[in-house]
Amino acid sequence: MRHDHLITSKQLSRADIETVLDRAAEIDADPSAVANRHANSVLGLLFFEPSTRTKMSFETAMKRLGGSVVDMGSIESSSVKKGETLADTVRVTEGYVDALVLRHPKQGSAAMAGEFVDVPLLNAGDGAGHHPTQTLLDLYTIRENAGLDDLTIGIMGDLKYGRTVHSLAYALTNFDTRQHFISPESLQLPREVVFDLHQEGGGTQIREHDSLEEILPSLDVLYVTRIQRERFPDENEYQKIAGEYQIDLETLEDARDELTVMHPLPRVDEIAPEIDDTDHAAYFEQAHNGIPVRMALLDILLENNSDADTRGETDE
Ligand code: NCD
C-alpha cells in the first residue's frame, strides 16, 4: 500500500491488514509516542454526505498525530453549490493537503476522484459501494474480541446497500472465516459481491439466510447494520422492511456467552439499548477503535508518501 489510494477493501492483502492493525495496537498502547510525528501534514476532508464518527475520528486521528485538518464544510457553503465537478474539487484541494478523505453518495466516485490526484485518497464511503477504513476498525475490533481466524460471523440487516458490509466481507476472505449473511430477500448481498466472495475463496465459506435463529448459536460475532433508508428508491419499500431484523436480550438467549455484537453505527432500532450493558456489546468500543486505526493508516500512508517524495527528488 505504498502512497496509494484506499478505495475498496479488495485492495488489501492479509499482510496490509496486519500491518495496519499491528501499528494501531502499538499506537493504542502508547499514543504519546506518535504525538508529533506528522506535525507538518494537513489532511483534507471532503464530505458530501452526513457523517459523525468517520469525519470526527479522521480529524481526531490527524490531530493526535500532530497534524492539522482542513474541511470543505457543508455542500451548502462550498463551491459544489455553484456546480463544481468532483474532479475539479479534488484537483484543487489536493494542492492544499497531504492526503484527502472523501465521502460521496455516488458509488464509484472515490475511484473516479482517485484518477485525478496524486496525494493518497481515502474512500470514507461511496454510496452503496465501499467503506474500507471502517473495515479496518471492524477487523481490529474482531481481532481483539474473537480473533480473525477460525471465525464464524453473522452479518445481518441491509446487505444490499450497506457499504460497510461489502467492504468487510471482501476483507474477511483473507482469513479463515465462515460468513453467514442474514437479511430479507430484497436486501440480500448484490449478486456480483456473492460471486466475487466465492471467487476470492481462500479459507472463506459463504452462506445466506433469511433468519438469524438457525445460525445464532454458532456465531462468534454478530455484525448488525442499519437499513439504509436514504438509498431506497421508494420510501414504501423502506417502510415494509423497517423494524425487521432487530435484536434484544430475548433474541440473544440462544447465543454463545462469548458472542460479540458489533454495529458500524448509527443504529436506529436494530439493537435494543438493553444489550448495551451486556458483555456482548462491542459497538461503542468499535467506534472508539476508529482513532488508533485511522492514526495507524494515516501514519503509514503519510510516511510512505514522504518517502516517495524524497525518492522522486533524488531520482531527478
Ligand atoms: C456507516 C456508513 O456511513 O456507511 N456509518 C459509519 O461510517 N460508521 C453505516 C451507516 O450509515 O449505516
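Note that this is a predicted model, so its numbers are computed, not measured. Indexing begins at 1, ligand by ligand and atom by atom, following the structure's order. The first residue of the sequence shown is numbered 1, and numbering continues consecutively from there.
- Looking at Glu49 against ligand 1, nothing comes within 4.0 Å, counting heavy atoms.
- Looking from atom 11 (O) of ligand 1 to the surrounding protein, the closest heavy atom is Arg226 NH2, 2.9 Å.
- Counting only heavy atoms of the protein, atom 4 (O) of ligand 1 lies nearest to Arg163 NE, 2.8 Å.
- Ligand 1 has no nitrogen or oxygen under 3.5 angstrom from a nitrogen or oxygen of Thr164.
- Regarding atom 9 (C) of ligand 1, its nearest protein heavy-atom neighbour is Leu265 O, 3.7 Å.
- Remark: Arg103 fails to qualify as a cation-pi partner of Phe47 under the 6.0 Å distance and 45° angle criteria applied to the six-membered ring.
- The residues Asp126 and Lys106 are annotated as not salt-bridged, no charged nitrogen and carboxylate oxygen being separated by less than 4.0 angstrom.
- Remark: aromatic rings of His130 and Tyr170 are close, center separation under 6.0 Å.
- The distance from ligand 1 to the heavy atoms of Pro264 drops below 4.0 Å at these ligand atoms: 8 (N).
- At least one side-chain heavy atom of Leu86 sits less than 4.5 Å from a side-chain heavy atom of His104.
- Note on Arg267 versus Asp276: salt bridge recorded, some NZ/NE/NH1/NH2 to OD/OE distance being below 4.0 Å.
- Atoms of ligand 1 lying under 4.0 Å from at least one heavy atom of Thr54, given by number and element, are 6 (C), 7 (O).
- Residue contacts with ligand 1 include Gln228, since one or more of its heavy atoms lies under 4.0 Å from the ligand.
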